[in-house]
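My questions all concern the structure below.
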There are 2 protein chains.
Amino acid sequence: MRKGTSEDVRRENLTAVLRALMVDGPMSRAELGRLTGRNRSTVASLVSDLAGLGLVDEHGPISDGTVGRPSHGVALSSSVAAFAVHPEVDALTVAIVGLDAQVRRKVRHEFDRIPSMVEVVHLASTVMAAMGAEESGFRISSIGVAVPGLVRTLDGLVRNAPHLQWWEEPLGRALADITSLPVHVANDAQLGALAERDYGAGRGVSHFVYLNGGASGIGGAIVAGGELLGGAHGYAGELGHTPVSGSAVVDTVGISGTLEAEVTREELLSLLGADHMDHESFEVALLANRSEAVAAAVARQQRQLAVALGTVVNVLNPERIVLGGFLASLLAYDPEGLRTALSARALGQALEGVDIVSAQLGANLLLVGAAHRALEPLVDDPASMTTTRTG
Amino acid sequence: MRKGTSEDVRRENLTAVLRALMVDGPMSRAELGRLTGRNRSTVASLVSDLAGLGLVDEHGPISDGTVGRPSHGVALSSSVAAFAVHPEVDALTVAIVGLDAQVRRKVRHEFDRIPSMVEVVHLASTVMAAMGAEESGFRISSIGVAVPGLVRTLDGLVRNAPHLQWWEEPLGRALADITSLPVHVANDAQLGALAERDYGAGRGVSHFVYLNGGASGIGGAIVAGGELLGGAHGYAGELGHTPVSGSAVVDTVGISGTLEAEVTREELLSLLGADHMDHESFEVALLANRSEAVAAAVARQQRQLAVALGTVVNVLNPERIVLGGFLASLLAYDPEGLRTALSARALGQALEGVDIVSAQLGANLLLVGAAHRALEPLVDDPASMTTTRTG
DNA sequence: GGCATTTGTTGGTCGCTGCGACGAATGTGC
DNA sequence: GCACATTCGTCGCAGCGACCAACAAATGCC
């Protein structure tokens, strides 16, 4: 519960200014005031505070050709950042991502076998130390980790990451112990949705559902009222395990007839006569192939995807559905087909006005999402920057 | 967006005091201070304001046998209330419900045929006028309406209420025009969930899903983070239309293999050899009948309910599932059976610690929910009581 | 060069909460 | 029966933060 004091107001206003800069980029104090609805003198005080905390920088007066006294530009400090860590089956990526969502450093390490949790923790901490963040002037106060699996957000316990073959691995604790930094671990799809919300297909949309089709599974996340819906422990959004057919085919966790069991990239890949393919090549190849076999498979997968999307529409009433990975390819192959299939499974009124679009962000999606998750506490309480320091 | 002024703090604190009284009943000022974490003098000022607005009453000092100066009791004013309106296929109920969730007046009018929207509006407004609320000292500033169907919450347009045979009926506008009061129309299951959240099976639970089995359909609602999840337009929660089988049987809106199509009270009723039955008799009769036919039907319906609940658990990660109507009977018949069936459809980690319980509130559930929905703006901004008056 | 326009700055005011001190009203123990 | 501790209400004061109005600064326009 809120404390109900005037300090709350200050915190809220500092956050409002910071958010405005994050959403709409650098701007003048006057614009900041208009955008946030605060008084000029209030904004002056807020910006001065934020500059003192090192969260924003003020540039000299910029004459933009208009009348009136030129205004000083305010921009997010380029040194405030977080570490982003992303373990996959065949690689580990570590990055430094700024408050402005710019990826400043990025190190990718390939594995020849599936890494253990301990290996990931060691390698990640080694890489982070070797990056010399402090020497390069970065001020990093936390770590965000994107894991392909079920994560208990409270303490970063990885409950079940089938592709990594991790079960009940205390990743958050281990990483926090070795780095002495706060660690925020979350499901990869949720962090992807967070990034799309702020910088991609979810901008300005307060209710949307994100569904991502990866090489070995389907992840999902829900944004409701502008906030990521985590549920009781952070497991919400597992739309890959919703039923789409009465078939007995089971998915990776043993549930039958689910979206993840029925709609697979593998099937399409084999029909295209390929083994491995990155996403771009896959989409190009798929869209170019209009053979009967491929068309039939796409149509079937679309119908089954539509069943899951029907559930989404009926249960969550989103304004938009964002599809990533090969699900976006499935959409691109025949947008009308998917929409038609969906209209047979969704309440007409709930389906009205629902956009179905492709995800917009590319390779750095999860790094941005993870880092921003880690930076969230700072944004929500900018004054905490005083005490929270690297080390 | 918040304005960011000290008045916000005041509003928030007034709301905190009011909510404490709503949740935990009458108490002393000192207790109020401890519970809300505010200073004694602040609470004094807040209570004084609320009393001035007529929202709370202060009683004389109560000596509770303990040492120290006896404290004055603070209680919600019994005169602050809202109208609750509940149209059904065979009846219309109008009630006056207080801020303390007490149903003070209740009028039920039976129909011999399905009423039209115009009839309901006329009858409801006539009944409300005849109740003489103002003469009886009630201060009523709004109307809450519970409708069995899809409602656009923005303006109270009833999009689709199949059982009432209403489509695109502007109920909210019509009722507001004739009564000159703000009207809040919402789906009945959502309002039921709201009541259960505050006074029933959802107390103290911030993530739960409510599923209600009625005579002619299944309604649902989601509470996430303590807030009702409405979605973009208020259509969210339609769990009756989620898939549970590959069967071709369609539900009332024409979607095949859904929970509402497969799990019906009718089937059980006919197996019990009855036509009509109120809920209590139905549950008694069902639980008493352990014949093979009934047991088999219950088991099948449990399995299909479990598929829908699996979706709920995987997608929303609730702490609790609250079942009402005949779905509660289905649970009571064989609690273990339902749980077992669910464990085959839900992610183990997400299912951990999930309670499956029966709804606690009885006949007045929807009236309380509707009225509290209507009172919500007042609770969120108690100072608005000054200007908002009946008439 | 004067004028309108826009922005930055400063001092004053107002509203709200917290704090400390004091009085009021009770129970407790001798 | 009386002093004491305990708890609650009240009052004045201080601190914080936002708004407001007035003024200064820096530009474009005529």
Side-chain angles (χ1 to χ4, degrees), chain A residues 1-18 20 26-53 56-74 381-383 386, chain B residues 1-18 20 26-53 56-74 381-383 386:
Chain A
M1 187 182 288
R2 280 266 184 55
K3 252 196 76 186
T5 167
S6 60
E7 286 166 23
D8 289 324
V9 178
R10 188 62 168 183
R11 180 159 43 77
E12 209 164 317
N13 287 345
L14 287 171
T15 299
V17 169
L18 218 48
M27 66 184 88
S28 74
R29 286 195 193 180
E31 285 173 285
L32 223 32
R34 278 190 294 266
L35 209 69
T36 62
R38 272 77 177 177
N39 193 282
R40 279 213 310 277
S41 50
T42 305
V43 172
S45 165
L46 293 168
V47 168
S48 157
D49 266 25
L50 290 174
L53 293 165
V56 305
D57 293 324
E58 291 191 86
H59 304 104
I62 307 170
S63 84
D64 54 343
T66 174
V67 298
R69 175 174 176 171
S71 153
H72 294 246
V74 182
D381 184 9
T386 330
Chain B
M1 189 181 287
R2 280 266 183 56
K3 253 196 77 188
T5 167
S6 58
E7 286 167 23
D8 289 322
V9 178
R10 187 61 167 186
R11 181 158 44 75
E12 210 164 317
N13 286 345
L14 288 170
T15 299
V17 168
L18 219 47
M27 66 184 87
S28 73
R29 285 196 193 179
E31 286 174 285
L32 223 32
R34 279 190 294 267
L35 209 70
T36 61
R38 271 76 177 179
N39 191 283
R40 280 213 310 276
S41 52
T42 306
V43 172
S45 165
L46 293 168
V47 169
S48 157
D49 266 25
L50 290 173
L53 292 165
V56 305
D57 293 323
E58 291 190 85
H59 305 103
I62 307 169
S63 84
D64 54 345
T66 174
V67 299
R69 174 172 175 172
S71 152
H72 294 246
V74 181
D381 185 9
T386 330

Here the pair of heavy atoms bringing A/Val43 nearest to A/Leu32 is CG1-CB, 4.1 Å
Rounded to whole Å, the CG-P distance (B/Asp49 to D/dT10) equals 14 Å
Send over the distance from A/Arg11 CZ to C/dT17 P, rounded to a whole Å. 16 Å
If only atom types and distance count, is the side chain of B/Thr15 paired as donor or acceptor with the main-chain N or O of B/Arg11 below 3.5 Å? yes
Do A/Ser45 and A/Arg10 pass the side chain to side chain donor-acceptor pair (under 3.5 Å) test, and can you show the C-alpha distance, the side-chain angles, and the key distance before you say yes or no? CA-CA 10 Å; A/Ser45 165; A/Arg10 188 62 168 183; 2.6 Å; yes
Rounded to whole angstrom units, what separation is found between the CG atom of B/Leu46 and the C1' atom of D/dG9?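 Distance, rounded to whole Å: 15 Å.
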Could you give the CG-to-P distance, from B/Leu50 to C/dC16, as a whole number of Å? 13 Å
What is the distance, rounded to the nearest whole Å, between atom CZ of A/Arg38 and atom C1' of D/dG17? 12 Å
Which heavy atom of A/Ala20 sits nearest to which heavy atom of A/Leu35, and what is that distance?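 Nearest heavy atoms, A/Ala20 then A/Leu35: CB-CD2, 3.9 Å.
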In whole angstrom, what separates A/Met27's CE from C/dG8's P?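 That distance rounds to 13 Å.
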Using a 4.0 Å heavy-atom cut-off, does B/Ala30 contact any base of the nucleic acid, only the sugar-phosphate backbone, or nothing at all?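 Sugar-phosphate: the residue B/Ala30, judged by heavy atoms under 4.0 Å, touches backbone atoms but no base.
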Reading DNA chain D from 5' onward, which residue's closest nucleotide shows up sooner: A/Thr42 or B/Ser41?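 Per heavy-atom nearest nucleotide, the more 5' residue is B/Ser41.
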More 5' along DNA chain D: A/Pro70 or A/Asn39, using each one's nearest nucleotide? A/Asn39
Do the side-chain N or O atoms of B/Asn13 get closer than 4.0 angstrom to the phosphate oxygens (OP1, OP2) of C/dC16?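 Checking B/Asn13 against C/dC16: no side-chain N or O falls below 4.0 Å of OP1 or OP2.
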Give the nucleotide from the list C/dC16, D/dG17, D/dC8 with an atom nearest to the side chain of B/Ser71. D/dC8
Does any donor-acceptor pair link the side chain of B/Arg40 with the base of D/dG9 at a separation under 3.5 Å? yes
When all nucleic acid strands are considered with a 4.0 Å heavy-atom cut-off, which category describes A/Ser28: base, sugar-phosphate, or nothing? nothing
Roughly, in whole Å, what's the span from CD in A/Glu31 to P in C/dT6? 13 Å
Starting the side chain at C-beta, find the nucleotide from D/dC19, C/dG8, D/dG9 nearest to A/Arg29.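 That would be C/dG8.
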Is there a side chain to side chain contact (heavy atoms under 4.5 Å, CB included) between A/Leu18 and A/Leu50 once you walk through the steps? CA-CA 8 Å; A/Leu18 218 48; A/Leu50 290 174; 4.1 Å; yes
Roughly how many Å is it from CZ in B/Arg69 to C1' in C/dG23, rounded to a whole number?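 From B/Arg69 CZ to C/dG23 C1': 8 Å.
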